Amino acid sequence: MDVIQAARGTRDILPEEVTYWQQVEAVARDLLQRAAYREIRTPIFEQTPLFERGIGEATDIVGKEMYTFLDRGDRSITLRPEGTAGAVRAYVEHHLHAQGGVQRLWYLGSMFRYERPQAGRQRQFHQLGVEVLGSADPRADAEVVAIAAQFLQALGIQGWTLMLNTVGTSADRQHYREALVRYFSPYAADLDPDSQERLHRNPLRILDSKDPKTQTIAQSAPQIFDYLSDASRQHFEQVQALLTQLEIPFQLNPCLVRGLDYYTHTAFEFQLADLGAQSTVCGGGRYDRLVTELGGPETPAVGWAIGLERLILSLQNLGACAVATPDCYVVSRGQDAEAQALKLAHELRQQGWSVELDLSGSAFGKQLKRAARSNTPLCLILGDTEAQAQTLQLKWLKSGEQATLSQLELLQTADELKAKIFVCKKAKTV
Ligand code: ATP
Ligand code: MG
């Protein structure tokens with residue numbers, strides 16, 4: 001029979017890789033909680049107009065990447081391509097603004113975009129994101145950037161580059177847009193097809209074209225800095241000063257514009273050198289216009305989203321992950337020994353141990369090989385002799401040191417042994 005495979009652009013995350021995901025999730029939860037962010041979980045699908053209004057029709061996402069379909073009630077539904085629109089919809093729908101002050105939210109979940117699958121680019125992928133709603137203060141911009149940097153640092157990822165730009169306000173952009181159209185029009189025939197199409201619809205996006213020829217032309221294009229109002233310029237200067245004070249290095253990149261229409265002021269990206277073509281792991285910025293666009297009160301906001309697949313590719317390159325190894329591996333053979341081993345494993349787990357029980361019934365040698373492969377420091381061995389005497393062999397795999405112990409004694413000294421196991425595991429990871 002034909003084997004059915006996972007749909008194009010989706011992939012299974014197998015147990016060995018899940019360890020990385022769990023590490024990333026645990027670090028994120030801990031860090032975000034310490035910074036007073038609260039988790040929000042919104043639906044995986046939304047009414048299509050949410051994204052059309054919230055992301056903008058002239059963007060790649062809305063224009064060609066959305067999974068949109070009519071449901072059985074003829075409603076247009078879209079699988080969420082990103083998390084901000086849903087979080088802001090929920091913020092408005094549930095009047096979170098009425099709680100006053102600043103709302104700090106985070107989310108983690110699957111996103112869906114119809115793209116050409118390649119390394120670090122899938123049709124179903126995962127994002128971790130934060131949104132700070134209700135503050136126009138440049139300190140909010142600096143805070144979210146700093147948290148992204150701390151997150152990468154906590155995971156042991158070094159060698160990132162932070163690219164920073166401002167896109168001003170929509171009023172600043174109005175003039176800038178005109179200047180760009182004037183500049184690019186004479187080169188229209190030399191631009192890549194996407195950029196030609198953007199020339200009048202969304203000329204800012206030409207700046208982040210990946211086409212080499214377009215990039216060369218864009219290098220001499222007018223820069224947004226020259227079109228900023230005093231207030232916009234001041235905001236951007238303050239953000240830079242705060243990042244410098246936090247000792248977070250950044251590079252100004254006037255071509256960084258982000259794909260989404262609702263961005264205002266600060267725009268930023270974190271890039272990782274080891275990711276090749278898909279090097280941007282985190283993208284974010286300020287989006288002061290989105291909340292009103294979605295029917296809420298005037299609410300300045302800033303946030304980012306991190307692509308977890310790309311982050312995990314980079315973690316795998318580092319090889320750094322505390323793989324969950326069991327505290328002990330239990331080997332047994334013979335009817336009575338096997339039953340006693342099951343009970344022993346059960347009781348040790350009750351005492352907080354992680355225990356892997358070999359169920360194969362194969363020869364001791366084979367079971368011991370599997371024990372070594374599990375990376376555990378300690379093996380418990382029960383055969384007929386041990387079963388009769390209610391004892392077991394305690395074998396430390398690294399030193400080969402072995403001793404006979406009564407099963408009762410093992411359970412009574414479990415805490416002391418656990419301390420020794422901890423030391424052995426630690427020695428292995430350094
Ligand atoms: P790109 O230019 O790579 O398409 P983007 O500007 O579309 O990125 P954002 O919408 O800002 O990306 O999303 C934030 C992050 O989510 C990206 O930096 C990336 O790490 C991740 N991401 C976006 N699209 C995908 C995808 N199709 N597969 C995997 N990760 C993705
Ligand atoms: Mg994209």
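Whatever order the structure lists ligands and atoms in, that order sets their numbers, starting from 1. None of these values were measured; they are calculated from a predicted model.
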Without placing hydrogens or testing angles, list every side-chain donor-acceptor pair under 3.5 Å for residues 133-144, not counting sequence neighbours.
| unit_1 | atom_1 | unit_2 | atom_2 | d |
| --- | --- | --- | --- | --- |
| Ser135 | OG | Asp137 | N | 3.1 |
| Asp137 | OD1 | Arg139 | N | 2.7 |
| Asp137 | OD1 | Arg139 | NE | 3.3 |
| Asp137 | OD2 | Arg139 | NE | 3.2 |
| Asp137 | OD2 | Arg139 | NH2 | 2.9 |
| Asp141 | OD1 | Arg286 | NE | 3.1 |
| Asp141 | OD1 | Arg286 | NH2 | 2.7 |
| Asp141 | OD2 | His235 | NE2 | 3.0 |
| Asp141 | OD2 | Thr266 | OG1 | 2.6 |
| Asp141 | OD2 | Arg286 | NE | 3.1 |
| Glu143 | OE1 | Arg104 | NH2 | 3.0 |
| Glu143 | OE2 | Tyr37 | OH | 2.5 |
| Glu143 | OE2 | Arg104 | NE | 2.7 |
| Glu143 | OE2 | Arg104 | NH2 | 3.4 |

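Using a non-hydrogen distance threshold of 4.0 Å, Glu309 does not register as a contact of ligand 1.
Within ligand 1, counting atoms from 1 as listed, the ones closer than 4.0 Å to a heavy atom of Glu115 are 24 (N), 25 (C), 26 (C), 27 (N). Of all the atoms in ligand 1, the ones that sit under 4.0 Å from a non-hydrogen atom of Ala305 are 14 (C), 15 (C). The distance from ligand 1 to the heavy atoms of Lys210 drops below 4.0 Å at these ligand atoms: 2 (O). Within ligand 1, the atoms closer than 4.0 Å to a non-hydrogen atom of Val281 are 18 (O), 20 (O), numbered from 1 in the order shown.
Looking at residues two or more places apart in sequence or on another chain, you find a side-chain contact (heavy atoms from CB on, under 4.5 Å) between Gln350 and His346.
Of the charged side-chain nitrogens involved, at least one lies within less than 4.0 Å of a carboxylate oxygen, so that Arg198 and Asp60 count as a salt-bridged pair. Ion pairing between a basic and an acidic side chain is recognised when a charged N comes within 4.0 Å of a carboxylate O; Asp194 and Arg205 show no such pairing.
The nearest non-hydrogen atom to atom 1 (P) of ligand 1, considering only Gln278, Arg121, Gln271, comes from Arg121. Summarising the contacts of atom 12 (O) of ligand 1 with Glu82, Gln127, Arg113, the nearest heavy atom is found in Arg113.
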Open item on the list: Could you go through Glu46 and Arg89, starting from their C-alpha distance and side-chain angles, then the distance that decides it, and tell me whether this counts as side-chain contact (heavy atoms from CB on, under 4.5 Å)?
Closed with: CA-CA 10 Å; Glu46 299 270 0; Arg89 180 202 45 71; 2.6 Å; yes
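No part of His126 comes within 4.0 Å of ligand 1, judged by heavy-atom distances.
The aromatic rings of Phe225 and Phe236 lie parallel to each other, their planes meeting at an angle below 30°, with 60° marking the opposite boundary.
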